[in-house]
Amino acid sequence: MAKQAEKHLAASPAELETYYREMLYIRHFEEKCNFAYRQGKAGGYLHVYIGMEPLAVGWLNSIRKGYDHVITAYRDHGHALLLGSDPVAVMAEIMGRSGGLSRGKGGSMHLYDIDKGFYGGWGIVGGHVAMGAGLAFSAKYREEDRVVLCYLGDGASNAGVWFETLNMCGLWDLPIVFIIENNEFAMGTRLEYHAADTELWKRGLPFDIKSERIDGMDVLQQKVDAQRIIDYVRKEQKPYLVEVMTYRFAGHGAADNDRQLYRTKEEEEHAMLRDPIKLLEKYLIQHNVMNHEKMEAIEEEILKEVDRIYDEADASPFPDLPEVYDNVYSDMSVEEGH
Amino acid sequence: MAKQAEKHLAASPAELETYYREMLYIRHFEEKCNFAYRQGKAGGYLHVYIGMEPLAVGWLNSIRKGYDHVITAYRDHGHALLLGSDPVAVMAEIMGRSGGLSRGKGGSMHLYDIDKGFYGGWGIVGGHVAMGAGLAFSAKYREEDRVVLCYLGDGASNAGVWFETLNMCGLWDLPIVFIIENNEFAMGTRLEYHAADTELWKRGLPFDIKSERIDGMDVLQQKVDAQRIIDYVRKEQKPYLVEVMTYRFAGHGAADNDRQLYRTKEEEEHAMLRDPIKLLEKYLIQHNVMNHEKMEAIEEEILKEVDRIYDEADASPFPDLPEVYDNVYSDMSVEEGH
Amino acid sequence: MAFAVASYRDTVRQTLIEEMDRDQDVFLIGEDIGRYQGTFKVTAGLFDKYGAKRVVDTPITEPGIVGIATGAAMTGLRPVVEMMTMSFSILALDQIINHAAKVHYMTGGQSTVPMVIRGPSGAANQLSAQHSHSMEGWFAHCPGLKVVAPSTPACAKGLLKTAIRDNNPVIFTENPGLYGVKGEVPDDLDFTIPFGKARIAREGKDLSLVAYSRMVHVCLAAAEELAKDGIDVEVVDVRSLLPMDTETIYGSVAKTHRAVVVYEDWKSGGFGAEIAARIGEDCFDDLDAPVGRVGGLNVPMPYTRILELECIPNEKDVIAAVRKIS
Amino acid sequence: MAFAVASYRDTVRQTLIEEMDRDQDVFLIGEDIGRYQGTFKVTAGLFDKYGAKRVVDTPITEPGIVGIATGAAMTGLRPVVEMMTMSFSILALDQIINHAAKVHYMTGGQSTVPMVIRGPSGAANQLSAQHSHSMEGWFAHCPGLKVVAPSTPACAKGLLKTAIRDNNPVIFTENPGLYGVKGEVPDDLDFTIPFGKARIAREGKDLSLVAYSRMVHVCLAAAEELAKDGIDVEVVDVRSLLPMDTETIYGSVAKTHRAVVVYEDWKSGGFGAEIAARIGEDCFDDLDAPVGRVGGLNVPMPYTRILELECIPNEKDVIAAVRKIS
Ligand SMILES: Cc1ncc(C[n+]2csc(CCOP(=O)(O)OP(=O)(O)O)c2C)c(N)n1
Ligand SMILES: Cc1ncc(C[n+]2csc(CCOP(=O)(O)OP(=O)(O)O)c2C)c(N)n1
Ligand SMILES: [Mg+2]
Ligand SMILES: [Mg+2]
């Protein structure tokens, strides 16, 4: 009977559990990040991926981890976690500790784990996309079949440098996937107020780049689409543009606490009907892959794990003052003092 | 018999003669500019419109001169002349004289005649297009039915700021026509080497902007297309994008004297078979609008006129040294000296 | 003239309202300034008051925004561009310094660009390396621009009105740390402060602290400390970097014979170097000690608070610099 | 070590060849550098020699080019980006100063950006306001970048090799007026000059002229003139602005007790102000006269030749500044 079900499964039970665990893990990890912010243990800008988890889970399970390269903007916690960064180092970075991924110098927006193929973690809207193409340029230069995933927001998809980049990617056939996270908002500005045509997938058309729009809430469908597209790019050595339709459940950042300025409660509730985690739970139950008890057990486990991560990170030290001068250059110290 | 012909004419004989005179005028005026450069009377960068005259004649005869606004890059002599600038002041500017349009401070690349609606005359590739949209923004803000013509090159059509501008023009319905002068080269780089898709008209598609490609060598057809498009923009108050297929007969600039680095003599000769002036002459003769004698007479007249302009400009004085400090601010002088 | 106590933020906002009411050609354009009320809430309520025509929400495209504002200004409109933070003006530098700033000169005086670009410049609170730039020095180096950096609500009002009424491109820098600062503000609708006039923020005879924007307050705090030890410092609020009132600065140095220039920007190559170089050259005979400088550490801004605080000059740093030459 | 006489242009070109032969990870990218041979012909012949893979012709999109080079560099490639003129680097400043320059710091030392951005900086011949910027000062203000401005072919070779082999982003500025300058160049394939080492271009005892790039030659010419009147000036070629060799500069001033800083950039706020401010502060007791400065006029560059020549400092301007404090 479970066997029976398996036939019709979109993925193996083990994979399904992995996706479930990963989405839940990102969700609770980031709830904890927001908690840290409210506690004053994280500062500055802090942006969560809540509601958008399938963009991390679907795509990062379709690449060759550690070999392929990933780059995104500041909504980057989930990417670091799924690419295998030490979660304590991620939380420590968000808390500005010396044990953080970037030694406390980057913060939530600037997570990097180069050894794991994660190139950040950037704060300037649209600023990282050309660097993403540079990663792909390098793969091609070295004749390696590496694929680059470059995420950007709907707001970022208006940035001039991105179009310049699309042109060069199309011109030179660079192996990169541009993933537009269309969560319908750029900070407090709704899509319709910042994009002349809200079908952002069309932006690849002038550059002879294959482009399409997909759903972002069904993680299983997204996994299938992601694998298809990544395989295409790796094989054909051509760029690809995907617009993923999702929704930013939270405010823009932890400091954005008046969402009613730009959207109604009703709209939010309507969007949350398609909470990707709930959708997957429904699927798992319908297909007898998991029951409620199992799910609760997993959630328990993850909550404990996240608590441990938080406590360990919180117990770790801040940088020593002299570290302020480290890492400006790889080989040279800077003049000290005011 | 002439009456007979008139029925089938694309324009009245008077208009046809005007177009002919204007194209010939620009051609000879710019030959003279190149002469001035060779004489060392013009310096820096000097770019001629030779072969591209219909882009000035066709479009600038379709606007409300003095009311509509025009902005372009550095290939700007023809625009100033047709918009009614004093030709001696144009030549004087190119020669760096105080009587020049910009008092000798701009030179060939930076011609402006604001009273005539000519907003220049810019040197940074792609840099002027957002200002062009600003002119249209102003027309809309003031609820005037002014149309803006914004010319840019095929090379400029890759510039990020232009895509940002297209998005805002589409988003806000700004009354502007973007005219891509596709002369197949960006300096020494052929279209295929700088554009992922050589059909540049497609660049308006992601922004819900009406876009098309037209021929740039037949001035009569271009006049018809220009009028149609300008009327549309004025009436509908929406942006429009036109890719005009033309060819740069000369080198990139007066200093570019090795065109064989990027194209063959054969290619050039082939392109010159469609010299817009020759095409119009053929038409005028076929339709009995003008005979060779008349044409030669007109050319004689124009050559004389251009000689006069050159001599007058050349006889005009250079700026006085203290003028170097003028016009930095409209209301304030600057600190002097080194 | 009557006064009212108001915060720096509310004063900038109120001044925008007064100028928009005065002149229909004045409009605001920027990211999230309308429906979202502005990231630092400086434009709160203005979208409802003036509508989408005069409070223009834009895509996140700084080069395009500034270019559009420049073109509009060339036709006589008076755009006030908000940079969500001045760090983002870096994307638009080509449009600002290589276009807007040069229009009047390149057109031989035919055209002007009555545009104001305003926004917070300098470090806020843990915004990290890409969001914490002090930009005023970059702009003050560029002929064709005017650059101001007011430190008090009253100066903000007077200089913003002058900026909006000026026919040249003006960079109006606010500092995130100043928005909450309160002060007395004249309610005169035509209260303007001319550019190029510095202000003596505190009188003193022993040494001149020369600063602008938020650092003026740091200097004033340091001055109080130093006063306890009998060191009586004068604080010169430069206010306007381009044009700059060297006369007032030199006058102060002629009186005190000592000077320390204080600025938040990276110390090396910041505009404080220009001020120090001028004092050193033009006040040579008045000086009893080398011209000191206190600037930000020459490192990208780190995220973690303790390191960030290390980077930004504070009272202690100023006091140390003063003692060094006293 | 053997020497050969070569022009600055050919030396830069030859150095690129040597480094490309030495290291397959080195590649060139820029506008019209390949098929067109480069606007200033610095890359003449390299496209034929190395092909489209290592000599990459690009669209005219400086932000994208620098961003792509930065990303490639983060993976260990060593791009050498040509800016057709440094004036166009203004479009890419966000990618340069707010991305490339901060990678090493923001990643906590995980990543480096071994990239060189080179090209002509300063006025050429009547290229007008938008094409005549001196950019080195803007870059030298930015931590994370290294900035050099060699004045001779030999320095160009030594510093370009160091730049290409450096693991940090380096801005290598040439001056259009230098390409034709000839000089002796060591033919050693590993001839490098460390960053942060100034050069005494001419020994003298009466006054120190401090300059870099083309202005070094202007200073040397002025020195010859002054020598005729018995004024023996020393010329310090700073060469490397970030890091900067203050030791050599201060040593010269300690000897001569007088200094004039000479630079082509707009005088106000140019990097010469930083140099002057440092001398003024750190050599206070050595100085017998105020530190003089000679800089470009504070105006956008005009087109017409006579006004353009007015803007750029020349021997006469330097001589006048020297006499003023001698
Ligand atoms: C160049 C630039 N301008 C403005 C900002 C401020 N800002 C940060 S995030 C953001 C909204 C971006 O929206 P989007 O690209 O859709 O990404 P999302 O936050 O929705 O993931 C803005 C305006 C910035 N960081 N960089
Ligand atoms: C931002 C910038 N980069 C490079 C240049 C140098 N440049 C001047 S014209 C030109 C080619 C432009 O080609 P295109 O846009 O097709 O115009 P065309 O010259 O063909 O009319 C280049 C590379 C510049 N002026 N501005
Ligand atoms: Mg978004
Ligand atoms: Mg072209």
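Just so it is clear, the values below take in all heavy atoms, side chains as well, and ignore hydrogens, waters and symmetry mates. Residue numbers begin at 1 in each chain, while the letters A, B, ... track the order of the sequences.
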*Asks:* Which of the residues Asp25(C), Val113(C), Thr107(C), Thr70(C) is involved in the greatest number of heavy-atom pairs with chain B at under 4.5 angstrom?
*Replies:* Thr107(C)
*Asks:* Would you please indicate if the ring centroids of Tyr112(B) and Trp122(B) are separated by under 6.0 Å?
*Replies:* yes
*Asks:* Answer yes or no: is there an ion pair linking Lys157(C) with Glu18(C), defined by an N-O contact shorter than 4.0 Å?
*Replies:* yes
*Asks:* So which part of Asp166(C) gets closer than 4.5 Å to some heavy atom of chain B, the side chain, the backbone, both or neither?
*Replies:* side chain
*Asks:* At a heavy-atom separation under 4.5 Å, does Leu171(B) approach chain C through its side chain, its backbone, both, or neither?
*Replies:* side chain
*Asks:* What residue in Gly100(B), Ser330(B), Ala133(B) has the most heavy-atom pairs under 4.5 Å with chain C?
*Replies:* Ser330(B)
*Asks:* Which atom pair, heavy atoms only, marks the closest approach of Gly107(B) to Glu93(B)?
*Replies:* N-OE2, 2.7 Å
*Asks:* Which of residues 275-282 of chain C have a heavy atom under 4.5 Å from any heavy atom of chain B?
*Replies:* Arg278(C)
*Asks:* At a heavy-atom separation under 4.5 Å, does Gln110(C) approach chain B through its side chain, its backbone, both, or neither?
*Replies:* both
*Asks:* Below 4.5 Å, heavy-atom pairs only: which of Gly109(C), Ala52(C), Pro63(C) has the largest tally toward chain B?
*Replies:* Pro63(C)
*Asks:* Could you have a look at Met168(B), His110(B), Lys140(B) and say which one has the most heavy-atom pairs with chain C under 4.5 angstrom?
*Replies:* Met168(B)
*Asks:* Let's test your reading of the structure: which of His128(B), Glu323(B), Arg103(B), Arg142(B) forms the most heavy-atom pairs below 4.5 Å with chain C?
*Replies:* Arg142(B)
*Asks:* Under 4.5 Å from any heavy atom of chain C, what part of Asp331(B) do you find: side chain, backbone, both or neither?
*Replies:* both
*Asks:* Could you check whether Tyr45(B) and Tyr74(B) have their ring centres less than 6.0 Å apart?
*Replies:* no
*Asks:* Using a cut-off of under 4.5 Å on heavy-atom pairs, state which of Gly144(C), Pro243(C), Ala92(C) scores highest against chain B.
*Replies:* Gly144(C)
*Asks:* So Met91(B) and Asp314(B), do their side chains get closer than 4.5 Å, heavy atoms only?
*Replies:* no
*Asks:* Tell me, side chain or backbone of Glu335(B) under 4.5 Å from chain C's heavy atoms, or both, or neither?
*Replies:* side chain
*Asks:* Checking Val328(B) against chain C: side chain, backbone, both or neither under 4.5 Å from a heavy atom?
*Replies:* both
*Asks:* Thr75(C) versus chain B, heavy atoms under 4.5 Å apart: side chain, backbone, both or neither?
*Replies:* both
*Asks:* Quick check on Leu145(C) against chain B: is it the side chain, the backbone, both or neither that has a heavy atom closer than 4.5 Å?
*Replies:* backbone
*Asks:* For chain C, which candidate among Gly121(B), Gly106(B), Gly127(B) shows the most heavy-atom pairs at distances under 4.5 Å?
*Replies:* Gly127(B)
*Asks:* May I ask you to check whether Tyr49(B) and His79(B) place their ring centres under 6.0 Å from each other?
*Replies:* yes
*Asks:* Does any backbone or side-chain atom of Val56(C) lie under 4.5 Å from a heavy atom of chain B? Answer side chain, backbone, both or neither.
*Replies:* side chain
*Asks:* Among Thr165(B), Leu111(B), Leu135(B), which has the most heavy-atom pairs under 4.5 Å with chain C?
*Replies:* Leu135(B)
*Asks:* Quick check on Met109(B) against chain C: is it the side chain, the backbone, both or neither that has a heavy atom closer than 4.5 Å?
*Replies:* neither
*Asks:* What part of Asp326(B) is in contact with chain C, defined as an atom under 4.5 angstrom from a non-hydrogen atom: side chain, backbone, both or neither?
*Replies:* backbone
*Asks:* Between Phe137(B) and Phe27(C), does the ring centroid distance fall short of 6.0 Å?
*Replies:* yes
